[in-house]
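Below you'll find the structure, written out as structure tokens, and then a few comments.
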Amino acid sequence: MFARDSIDSTIGRRPELVGAAQWDLLRRVILERDPKTIAVDISPTHAFSDGLSAGEWEQLQAALPPVYQQRVTHAENLALDYQAIRAPRCSPRTSA
């Protein structure tokens, strides 16, 4: 069974996971997909790109097997670049 198929039979859908369960699911997804790089939104410069708290960073590191810890890279521009692409499309258009 793939991690994405983890349906809670008591509610008929995937539950929103918290605590250790969310990190366990992330570990399972990473093991299934075997990514070459794991980009995280951490930035010492841009608050908008600083998505993980210190506690979440520690939990992420604890959840990942050592081989995957080496693949983690900071991607502080990812959130900024996404916003730059998306923002113009989200703006209301007015006719002149």
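Please read these numbers as outputs of a predicted model, since none were measured by experiment.
Applying the ring pair (Phe, Tyr, Trp, His ring centres under 6.0 Å) rule to pairs touching residues 53-72 yields Trp57-His74, sequence neighbours excluded.
Contact of the Pro65 side chain with the Ile30 side chain is not registered, since no non-hydrogen atoms from C-beta on lie closer than 4.5 Å. Ile42 is listed as a side-chain neighbour of Leu52, based on a closest heavy-atom distance under 4.5 Å.
The side chain to side chain contact (heavy atoms under 4.5 Å, CB included) test with Arg71 is passed by exactly one of Thr37, Leu64, Asp34: Asp34.
For Asp24, the side-chain contact (heavy atoms from CB on, under 4.5 Å) partners are Arg27, Arg28, not counting sequence neighbours. Here Glu58 pairs with nothing under the side-chain contact (heavy atoms from CB on, under 4.5 Å) rule; sequence neighbours left out. Applying the side-chain contact (heavy atoms from CB on, under 4.5 Å) rule to Ala39 yields the partners Thr73, Ala75; only residues at least two apart in sequence or on another chain are considered.
Closest of all the heavy-atom pairs between Trp23 and Gln59 is NE1-OE1, 2.8 Å.
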